[in-house]
Amino acid sequence: MTLRIGIIGCGGIGQEHARRLHFKLAGAQVVAINDINLAAATQFSEMSGIQARVLDSHQAVIDAPDVDALVVASWGPAHEEQVLACIKAGKPVFCEKPLAVTAEGARRIVDAEVQAGKKLVQVGFMRRYDAGYRALKATLDAGTVGDALLVHAAHRNPAVPEMYVGDMSITDTFIHEIDVFRWLLNDDYVSVQVIEGRKTRNAHAGLHDPITVLLETRQGIRIDTEIYVACRFGYDIQCHVVGETGVASLPEPMSVPLRSNARQGSGILMDWKLRFIDSYDVELQDWIEATVRGEVNGPDAWDGYVASVTAEACIEARKTKQILPIALPERPAFYARQG
Ligand code: NAD
Ligand code: ISE
């Protein structure tokens, strides 16, 4: 069966997902698209060779009888309304992060899905599909370094645009770590502290950079993450898990080690799109196959909700300079834990 897909939001990642779904992955075809910028959507549909129908609202794409499933890649504040409309129509939806821009909004999605009685929503936390993180998780699950005690992590971007301001280090960037550490450690968070140290002169006026986030999990694991989005030198993702008998680290992306010009070393990627490019393919191929089976196999609406609750606690902890509890309701049975 070919899954017929509607795309809502054809900006940077929407276009990339549309191309990979239509041309690269097996079992999917993009048949309809929408963007608030209709001219750009039309141009994309034609120039990309996808030649999908361009419809004048997200609702028209959701309602189209030949659309089996949706990809929401519009900007964050539109996600809630669009995902809720997919649930109402009973259609599976892959929503890019964040699921919603507030925890309340994400909770409304959870409640709507539970009420609908069927899991339909997957959230675009693609790191769970990255080969390196998967190898690290397998190592931890096998007990190779004993029980995890500490995690030292970093999320470094070379630069961010002027529109990236305020708490986006948390809501746009750290949100990936929020999701992936829960999955990696089979755990949830209980408290958070955010520390603003000396600011780099390379960050623009609206951004305090870098920051450090300290999370504590239910099992007492302490996670420190440096978020440094104007670091200049590369897109550099680090994760080192200290266990009782050793340290397990996220593998570095493959790069040819060089000895040259009296130096030795290897390259560091500069673009986040390249760092996780394979994981987007694995993620969406898995989504296609699970959707055809009538299942949600990846990060679900509950995971999206937990990420939003945690992000809000981080923002509050940053503002108040306090160690704050993260109050999570129990996971409903409807969202029984999956891989
Ligand atoms: P973008 O600004 O390049 O594209 C967003 C597009 O959505 C634009 O074309 C805009 O016109 C359109 N849009 C905005 N509101 C809309 C609405 N109400 N209905 C239809 N279209 C609408 O942004 P982007 O970088 O492509 O990011 C899109 C989403 O994907 C964001 O939520 C972002 O956080 C997420 N994202 C995820 C990753 C990842 O690694 N998983 C990477 C980048 C972006
Ligand atoms: C961007 O939106 C992403 O989602 C990338 O994965 C992340 O690394 C980057 O910091 C964000 O700005």
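Just so you know, ligand 1 is whichever comes first in the structure, and atom 1 is the first atom listed for that ligand.
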Legend entry - Heteroatom proximity flag, Asn37 to ligand 1, N/O under 3.5 Å: no
Legend entry - Lys97, portion touching ligand 1 at heavy-atom distance under 4.0 Å: both
Legend entry - Where ligand 1 meets Gly12 - atom numbers and elements under 4.0 angstrom, heavy-atom basis: 1 (P), 3 (O), 4 (O), 26 (O)
Inset, instruction - Distance to 0.1 Å, residue and atom name: give those for the protein heavy atom nearest to atom 4 (O) of ligand 1. - result: Gly11 CA, 3.2 Å
Legend entry - Residue Gly76 vicinity, atoms of ligand 1 by number, heavy atom under 4.0 Å: 32 (O)
Inset, instruction - Answer with yes or no whether the hydrophobic clustering places Leu55 together with Ile62; edges join I, L, V, M, F, W, Y residues whose side-chain heavy atoms lie under 4.5 Å apart. - result: yes
Inset, instruction - Considering only non-hydrogen protein atoms, determine which one is nearest to atom 5 (C) of ligand 1 and report residue, atom name and distance to 0.1 Å. - result: Ala73 O, 3.9 Å
Inset, instruction - Taking the side chain as every heavy atom from C-beta outward, state whether Arg156 and Phe233 have any pair of such atoms under 4.5 Å apart. - result: yes
Inset, instruction - Take atom 23 (O) of ligand 1 and look for protein heavy atoms under 4.0 Å from it; say yes if you find one, no if not. - result: no
Inset, instruction - Output the list of atoms in ligand 1 that are nearer than 4.0 Å to some heavy atom of Asn34, sorted by atom number. - result: 20 (C)
Inset, instruction - Below 4.0 angstrom from a heavy atom of Tyr280, which ligand 1 atoms are there? Numbered from 1 as shown, please. - result: 39 (C), 40 (O), 41 (N)
Legend entry - Ligand-residue contact atoms, ligand 1 with Pro98, heavy atoms, under 4.0 Å: 32 (O)
Inset, instruction - If the plane angle is over 60° it's perpendicular, under 30° parallel, otherwise tilted; pick one for His155 and His176. - result: tilted
Legend entry - Cationic tip of Arg107 above Tyr305 ring, under 6.0 Å, 45° of axis: yes
Inset, instruction - Might you point out which heavy atoms bring Val192 and Ala317 nearest each other, and give the distance in Å? - result: O-CB, 3.7 Å
Inset, instruction - Using distance alone, decide if ligand 1 has a nitrogen or oxygen within less than 3.5 Å of any nitrogen or oxygen in Ile36. - result: yes
Inset, instruction - Taking all non-hydrogen atoms of both residues into account, name the closest pair between Ser266 and Ser255 and its distance. - result: CB-OG, 3.5 Å
Legend entry - Region of Ala40 engaging ligand 1 - heavy atom pairs below 4.0 Å: neither
Inset, instruction - Say whether His79 and ligand 1 are in contact under the criterion: heavy-atom distance to a ligand atom below 4.0 Å. - result: yes
Inset, instruction - Could you establish whether Gln82 and ligand 1 come within less than 4.0 Å of each other, counting only heavy atoms on the residue side? - result: yes
Inset, instruction - Would you check whether Phe125 reaches within less than 4.0 Å of ligand 1, judged by its heavy atoms? - result: no
Legend entry - Salt-bridge present (Asp236, Arg275; N to O < 4.0 Å): no
Legend entry - Side-chain heavy-atom pair Leu120, Val296 within 4.5 angstrom cut-off: no
Legend entry - Minimum-distance protein heavy atom relative to atom 29 (C) of ligand 1: Ser74 O, 3.4 Å
Inset, instruction - Kindly give the heavy-atom pair with the smallest separation between Tyr280 and His17, and that separation in Å. - result: CD2-CE1, 3.8 Å
Inset, instruction - Report the part of Ala78 (side chain from C-beta onward, or backbone N, CA, C, O) that has a heavy atom under 4.0 Å from ligand 1; answer both or neither where that applies. - result: side chain
Inset, instruction - Could you list which atoms of ligand 1 come closer than 4.0 Å to a heavy atom of Cys10? - result: 9 (O)
Legend entry - ligand 1 versus Pro77: contacting region, heavy-atom distance under 4.0 Å: neither
Legend entry - Polar atom proximity, Trp272 to ligand 1 (N or O, under 3.5 Å): no
Write out each pair where an N or O from ligand 2 and one from the protein are under 3.5 Å apart, with the distance.
{"residue": "ligand 2", "atom": "2 (O)", "partner": "Lys97", "partner atom": "NZ", "Å": "3.1"}
{"residue": "ligand 2", "atom": "2 (O)", "partner": "Asp172", "partner atom": "OD1", "Å": "3.4"}
{"residue": "ligand 2", "atom": "2 (O)", "partner": "Asp172", "partner atom": "OD2", "Å": "3.0"}
{"residue": "ligand 2", "atom": "4 (O)", "partner": "Lys97", "partner atom": "NZ", "Å": "2.9"}
{"residue": "ligand 2", "atom": "4 (O)", "partner": "His176", "partner atom": "NE2", "Å": "2.8"}
{"residue": "ligand 2", "atom": "6 (O)", "partner": "His176", "partner atom": "NE2", "Å": "3.0"}
{"residue": "ligand 2", "atom": "8 (O)", "partner": "His155", "partner atom": "NE2", "Å": "2.8"}
{"residue": "ligand 2", "atom": "8 (O)", "partner": "Tyr235", "partner atom": "OH", "Å": "2.5"}
{"residue": "ligand 2", "atom": "10 (O)", "partner": "His155", "partner atom": "NE2", "Å": "3.3"}
{"residue": "ligand 2", "atom": "10 (O)", "partner": "Asn157", "partner atom": "OD1", "Å": "3.4"}
{"residue": "ligand 2", "atom": "10 (O)", "partner": "Asn157", "partner atom": "ND2", "Å": "3.0"}
{"residue": "ligand 2", "atom": "10 (O)", "partner": "Thr173", "partner atom": "OG1", "Å": "2.8"}
{"residue": "ligand 2", "atom": "12 (O)", "partner": "Asp172", "partner atom": "OD2", "Å": "2.6"}

Legend entry - N or O pair under 3.5 Å between His58 and ligand 1: no
Legend entry - side-chain contact (heavy atoms from CB on, under 4.5 Å) between Met168 and Met163, worked out: CA-CA 10 Å; Met168 287 181 75; Met163 48 70 66; 4.2 Å; yes
Inset, instruction - Report yes or no: does a heavy atom of His176 sit under 4.0 Å from some atom of ligand 1? - result: yes
Inset, instruction - Measure from atom 34 (O) of ligand 1 to the protein's non-hydrogen atoms and state whether any distance is below 4.0 Å. - result: yes
Inset, instruction - Would you check the N or O atoms of Ile13, main chain and side chain alike, for any that come under 3.5 Å of an N or O of ligand 1? - result: yes
Inset, instruction - Taking all non-hydrogen atoms of both residues into account, name the closest pair between Arg127 and Tyr133 and its distance. - result: NH1-OH, 3.0 Å
Inset, instruction - Answer whether the closest heavy-atom distance between the side chains of Val54 and Phe44 falls below 4.5 Å. - result: no
Inset, instruction - Number the atoms of ligand 1 from 1 as they appear, then name those within less than 4.0 Å of a heavy atom of Gly124, with their elements. - result: 41 (N)
Legend entry - Asp286 side chain to Tyr129 side chain, donor-acceptor N/O pair below 3.5 angstrom: yes
Inset, instruction - Run the salt-bridge test on Arg53 and Asp66 with the 4.0 Å N-O cut-off and return the result as yes or no. - result: yes
Inset, instruction - Identify the protein heavy atom lying closest to atom 11 (O) of ligand 1, giving its residue, its atom name and the separation to 0.1 Å. - result: Asp35 OD1, 2.6 Å
Inset, instruction - Scan side-chain atoms only and decide if Arg259 and Gln264 contain a donor-acceptor pair under the 3.5 Å cut-off. - result: yes
Inset, instruction - Please check if the side chain of Gln29 supplies one atom and the backbone of Arg4 the other of a donor-acceptor pair under 3.5 Å. - result: no
Inset, instruction - Provide the closest heavy-atom pair for Val30 versus Ala18 in the form atom of the first, atom of the second, distance. - result: CG2-O, 3.7 Å
Legend entry - Contact atoms of ligand 1, heavy-atom distance to Asp172 under 4.0 Å: 34 (O)
Legend entry - Val83 side chain reached by Ile109 side chain, heavy atoms, under 4.5 Å: yes
Inset, instruction - Check whether any side-chain N or O of Lys91 sits under 3.5 Å from a backbone N or O of Leu70 as a donor-acceptor pair, and report yes or no. - result: no
Legend entry - Heavy atom of the protein closest to atom 14 (C) of ligand 1 (residue, atom name, distance): Trp75 CD1, 3.0 Å
Legend entry - Shortest non-hydrogen separation from Ala41 to Ile33 and the atoms involved: O-CD1, 3.4 Å
Inset, instruction - If you have a sec, work out which protein heavy atom is nearest atom 37 (C) of ligand 1 and how many Å separate them, to one decimal? - result: Glu96 OE1, 3.1 Å
